[in-house]
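Let me begin by presenting the structure, written as structure tokens, before commenting on it.
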Amino acid sequence: MNGEDPQERPEQIRNIINGLERYNPQAADVLEAYLQQQCEEKFCDCNANRALLKLYQLNPDRIKDEVITNILVKAMTQFPSPQFDLSLHLLSPSQSNPGPNSTSDLTEAVSKLRVLNAQLEGAQYARFWVTLDSDDIYADLTTDIAGFEEMIRLRIAHLVSQAYREVQTSVLEGWLGLDSEDEVKKFVIETCGWRVGEDGLVQIPKNPDNEAKKAEIREDVSVDMFGRVIKRAWEDSA
Amino acid sequence: MSYQNGMAAPRAIEDDSDVEEEALVADYREQVQYEGGMEELDQATLAQQADEIQSRLVQAAQPLDFQATLETKFQSYDNYCALFHYILNSDGPVDLEPPSYYWAWDVIDEFIYQFNTFSSYRARIARQANNEEEAQILRDNPNTWGCYSVLNVLYSLIQKSQILEQLTAMRRNEDPMAVAGPYGAKNLYRMLGYFSIIGLLRVHCLLGDFSLALKTLDDIELNKKAMFARVMAAHFTTYYYVGFSYMMMRRYADAIRMFSHILVYVSRTKNFQKNTQYDSISKKNDQMLALIAICVAFHPTRLDDTIHTALREKYGDQLLKLQRGGPESLPIFEELFRHACPKFISPVPPDFDRPEANIDPIDHHLSVFMEEVKTNMWSPTLKSYLRLYTTMDLKKLAGFLDVKPEELRSWLLVNKQRTKQLRWTDNGLLEGELVNISDLDYALQGDIIHISEAKMGRKLVDWYLRNLSRTYA
């Protein structure tokens, strides 16, 4: 998975974001259509989406609120990563920080999404699902992104596999936002290919990340490191 | 012996970075001394300088007075526009030599600096809403010092000079002149084009586009042979903005590498830097130390001795608090960030009719940055406990730390996820390899935490060589 520069990126988009065309306000239409494609086909091109945010940054009259929120939701699915933050940095300060007297729909949406993203980044997965359920606005904000919940769930499962060898079903139930232990078992067996032990613990196959092997870091010494000293010695004696 | 003659020198420089650095330091020393002579010469000839365009070139590199009025700022913008228009849109390349080696850097630097201060000033007028007269002038001239025109100048200089093509050719060890074209073959265009690339790095960073900032440098190899390295201020600026962009992309190891490189270089050259130049460098120096403190808090690592000492002297207390983590560290992160970040700007004119809607871009970027700080603030505490055990029960540890087990599970996941970081190896600055950057690793089996700590062998040879070279120097 490469959410920064995906293989799916077509030639046309590559030309836009790597050339001066990225400053042409008309390119926004193409990039918007491409975002739509990403939303439908479940891949993510954060780099191209940032080019679109940049165009909005320079041409505020072209801003479409739902495009901005879709970009943010797409970036969020890349957690943990700086993608969401990098997109936020390109929004105008007043769009992403609710002022005392100004609350537009966009500001509110962005601040809601920031809450959600902070929970994913902070690995508070159970809380994430509760938040997602707590307000209808989240359903609106994620409706354009096909398979949003499924992507998040898979991502969480992957991250868990990097830290756990065995994990309780009850814990996974909350983290994966599923409704019963049976659903958890079904998900981990069918989707992840993991096993569930007789004690009810979910067993995750070994991988380089969940081994926590002991290691000793030694100093690599090469002849080259002495080059300067030897050169000095040579010069001094010469 | 044949390898001792001049022929072998270039390769040796490539191979051994120490030698390379030394050569550069010597080169810089020469330059500074040489420049001293140049200045007298300059002033002597300047008086007789009848050529109007030459004096305009010199003028463009002069800093604007700090107290300059709005009118002067507008005037200065018009002057730049006229000058760049003349350079870019005359019939063919203009036949001019840059007044000095630093001139091109100074012009681009001053041009962006004025754009930066103008934008900040305009935003402040809108926020404070107590100067209706100036607000009206600014409102009526939204395109003066506009972002599109600044970007346009920089990109045009880059394109006209074919500098990217030239740099690519140089990297392939081909003759850059073969692809330079009629403009790029001239010193004036080549230098302006080159420093415009660095200028773009800076503008993108000021606008909060950190990945595009780094992408801009794709064709410039960051080493001491680079053209910018011959102009101290350019060298310095480049590393500051590259380091800062890395930090904002959570690539702390790379950021530290950038800041360390330039700070060590400055400390080696400061004895023969002239005072005026050193003042501005010394301020940026402090800022970079503050940024190193932030990066080290995220990513504990061993620093170069010189930097470590300077850091402890300058930010000793703050560093201690940052490294301890927890909510008490948050104000320190904020303080250091504000002190050391670039003066961020917004690319579009502010809303003069709603002063309260104009949030300072620095506050905006800080608030985004602080999210990540908050996410990580328990990692130091967690790590200090984990180091004490090889296996540990999660509920028991939660009891020690006085948090709910659920909370501790999140901390463990966060800390584990952050130990993987993209790290530059070669090629473009944005590329890198995902590496494990921590000496502490762990995995969970239900509620049992298995902990393993990588033992650091002592780096004796490194220590020996470093001290040896110090004795020599």
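All heavy atoms count here, side chains included; hydrogens, waters and symmetry mates do not. Chain letters run A, B, ... following the sequence lines, proteins first, then strands; residues in each count from 1. Here the structure is a predicted model, which means the values were calculated and not measured.
Between A/Glu121 and B/Gln417, the shortest heavy-atom contact is O-OE1, 4.5 Å. Nearest heavy atoms, B/Ser410 versus A/Gly122: CB-O, 3.5 Å. Between A/Leu58 and B/Cys147, the shortest heavy-atom distance links the atoms CD2-SG, 3.7 Å. The shortest heavy-atom contact between A/His89 and B/Gly208 is CB-O, 3.4 Å.
Looking at B/Asp447, the atoms closer than 4.5 Å to chain A (heavy atoms on both sides) sit in the backbone and in the side chain alike. Proximity to chain A is limited to the side chain of B/Arg418, based on heavy atoms less than 4.5 angstrom apart. In this structure, chain B has a heavy atom under 4.5 Å from the side chain of A/Leu20, while its backbone stays farther away. The contact between A/Asp209 and chain B is made by backbone and side chain atoms together, counting heavy-atom distances below 4.5 Å. For B/Lys374, no part lies near chain A; criterion is any non-hydrogen pair under 4.5 Å. With a 4.5 Å cut-off on non-hydrogen atoms, A/Val171 touches chain B through its side chain but not through its backbone. Only the side chain of B/Leu212 comes within less than 4.5 Å of a heavy atom in chain A; its backbone stays farther off. Contact annotation for B/Gln445: both backbone and side-chain heavy atoms come within less than 4.5 Å of a heavy atom of chain A. For A/Phe84, no part lies under 4.5 angstrom from a heavy atom of chain B.
Between chain A and the options B/Val414, B/Val461, B/Ile449, the largest number of non-hydrogen pairs under 4.5 Å is found for B/Val461. For the options A/Leu91, A/Asn210, A/Leu90, A/Ile204, heavy-atom pairs under 4.5 Å to chain B are most numerous at A/Leu90. Per-residue counts of heavy-atom pairs under 4.5 Å with chain A were compared for B/Val348, B/Asn376, B/Asp360; the largest is that of B/Val348. For the set B/Tyr148, B/Tyr442, B/Phe210, the count of heavy-atom pairs under 4.5 angstrom toward chain A peaks at B/Tyr148. In terms of heavy-atom pairs under 4.5 angstrom with chain B, the leader among A/Ile17, A/Leu53, A/Asn18, A/Asn59 is A/Asn59. Chosen from A/Arg50, A/Glu4, A/Lys54, A/Gln124, the residue pairing most often with chain B at heavy-atom distances under 4.5 Å is A/Lys54.
No more than 12 heavy atoms of other residues, nucleotides or ligands shown are found within 6.0 angstrom of CZ on A/Arg195.
For the pair B/Glu372 (side chain) and A/Asp85 (backbone), a donor-acceptor distance under 3.5 Å is absent. Looking at B/His364, its side chain does come within 3.5 Å of a backbone N or O of A/Leu88 through a donor-acceptor pair.
One finds the OH atom of A/Tyr23 at 10.5 Å from the CG atom of B/Asn152 (value rounded to the nearest 0.5 Å). Within the model, atoms CD of B/Glu407 and CZ of A/Arg127 stand 5.0 Å from one another, a figure rounded to the nearest 0.5 Å. Here B/Asp351 contributes atom CG and A/Ser92 contributes atom OG; the two are 10.0 Å apart, rounded to the nearest 0.5 Å.
Counting heavy atoms from C-beta outward, A/Leu159 and B/Lys416 have side chains that stay 4.5 Å or more apart. At a threshold of 4.5 Å between non-hydrogen side-chain atoms, the residues A/Gln83 and B/Met249 do not count as touching. The side-chain heavy atoms of A/Tyr164 and B/Arg409, taken from C-beta on, include a pair separated by under 4.5 Å. Counting only heavy atoms from C-beta outward, the side chains of A/Pro80 and B/Lys420 never approach each other to under 4.5 Å. Between A/Glu211 and B/Asp441 there is no side-chain heavy-atom pair separated by less than 4.5 Å.
With A/Pro93 as the partner, the side chain to side chain contact (heavy atoms under 4.5 Å, CB included) test is satisfied by one option alone out of B/Ile362, B/Ile359, B/Val368: B/Ile359.
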